Amino acid sequence: MKRFAAILLALVLLASSVPALAAGSGGGDKLVAITFDDGPGPYTEALLDALKTRGVQATFFVLGSRVERYGRLVERMYGEGHQIANHTYSHKALKGLSDAAVTEQITSTAQIISAAAGKELRCVVRPPYGSYNARVLELLGAPGIFWSIDPEDWKYRNADTVFDHIVSKVRDGDIILLHDIHPTSVDAAVKVVDKLLADGYTFVTVNELFRRKGVPMEDGVMYFSCRNATVRGALTAPAMTYEIGGDGCFITLASADDAPIYYTTDGSDPLYKGKLYSSPVKTYGDCTVRAVAAFELNGSRSPVMTQELAVSPAAPAITAVGTRVTITGEGRLFYTLDGKRPTINSNRYTGAFTAAPGTLIRAVAIGEGNMISAETRETLLGAGALVRDAEAGDWYYGAVEKTVTGKLMFLTDKQYFKPDVAMTRASVLETLYRMAGSPPVSGAAASALFADVSDNASYAGAVRWAYQNGICTGEGGRFHPSGYVTREELAAFLYRLARVGGQDVSAAADLRAFADADTVDAYAAAPLAFAVAKGLMNGEEGSELRPHAYATRAQVAVIVTRYMALYNK
Ligand code: ZN
């Protein structure tokens, strides 16, 4: 029984400690705003690190002249949820300035802050030295923020003195004044944060303090603290619902706190890129909705909501028999043959049609509410073959057409040619064997020639043919069928193939024209010189042969096509 009670107690302690940890800035209902004037400066970064570790948000009354030097830190403050506020450009006592000079001190700094934060921010203002009167207040154009706890950190420059002053005076709703241009003040701030978090305080920005206390802030009014009872909790992330109508899907966003909502539909950050939500947002297909509830986008914001909207029909399928093209899919199908992106205004698909080889076919399905699918794009190669990853403008397109329709090379089940993929020895020799017309092979079985080739392998015939004609040799009784073929190896295969076919292979280009000529292996020197002289290969990336790079499928297709043209195959 005693043991059971102990477990229960442990559970209760665990449960009560979780919200405090999750809230980051303390789980208590006593609120306090810690503020830093006259920065940013050399100690601000360390302060930001300490606040980040503790999940605490503060308010920074920055000077325009300092932001010009430390703008990077202002961007960081904004990104980490701190409030950025205006402490004028050059820290002059505003009472002593003309109207125009007061306005200039405030507006220039507001612009500098927005530029540094990367976002148009509305900033509260704290007049330097607390110097203000009715005239200054009217010129602020924003709420004025004073303080209720002043440890005179600039005077004492002693972390313990500053700490003792603050913790002995602080009450719920206070605004603490510090200066992040003194290392002693930064040390004191970190100690104060740890102490007050332990005492059940929650640190909030100035804007958030007034929002949670239910006190509206008005332009031209000076506020000292906010000691009313707590009436509101933290901002919650917006909620999303959607409905598919006759034309479009309508996304509705709502804030439980009646806060303005900023959103994006392209997955980007709504704090930086968001549009202000006013009425349901129309979309025609799958998208990523991200939204944040925020007051002034400055120091008072919710977590970001991210939701994937999956409303589009599946992308259609395109098939062909000869040059007759069929499109299948859900809903209404639309397509283009002119390379343009298909829309609801494109050709409506009503039945199979004929297209010329080389035509790019782009198609979409449009479902309920005009939801549009992802696009399917295929190029008709002719002979009923369609390819997804080779189009008429590609340098290897003609070679893909020749080798695929000529059945020397093949597409995957999903109709990809995979131009950038390397080829194995087995598949390159199969291609060359087919090019040679797949002649009957007699003599020793493949397995008798090479320990690593099975007689049942699809490429066994090609390997026997290649061996018997001296096109490949193997190494130590092994063929290495799955080894990749380098560019110099490919040149050697073609050189030997031409020689076996009775062609004159004496042509030889001077390989010293290529920067990497000295990396060519001895066996491949004559084949590469022949391949370059005959225009089968012409070096890569300007002046390099790259003999040890793997030959890609696109390169093999192009080189084999050139070989066939050279010898009228
Ligand atoms: Zn100041």
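By convention here, the first residue in the shown sequence is residue 1. Both backbone and side-chain heavy atoms feed into the values below; hydrogens, waters and symmetry mates do not. Quick caveat, the model's predicted, so the values are computed rather than measured. Whatever order the structure lists ligands and atoms in, that order sets their numbers, starting from 1.
In this structure, the ring of F250 has its center no less than 6.0 angstrom from the ring center of Y242. Taking the six-membered ring for Trp, Y396 and F417 have ring centres at least 6.0 Å apart.
Counting heavy atoms from C-beta outward, R66 and H91 have side chains that stay 4.5 Å or more apart.
Distances from the Zn ion (ligand 1) to each N, O or S atom of H87 single out NE2 as the nearest. Of all the N, O or S atoms in H91, the one closest to the Zn ion (ligand 1) is NE2. Sorting the N, O or S atoms of D38 by how far they are from the Zn ion (ligand 1) puts OD1 first.
Looking only at atom types and distance, the side chain of D153 has a donor-acceptor partner in the side chain of S185 under 3.5 Å away.
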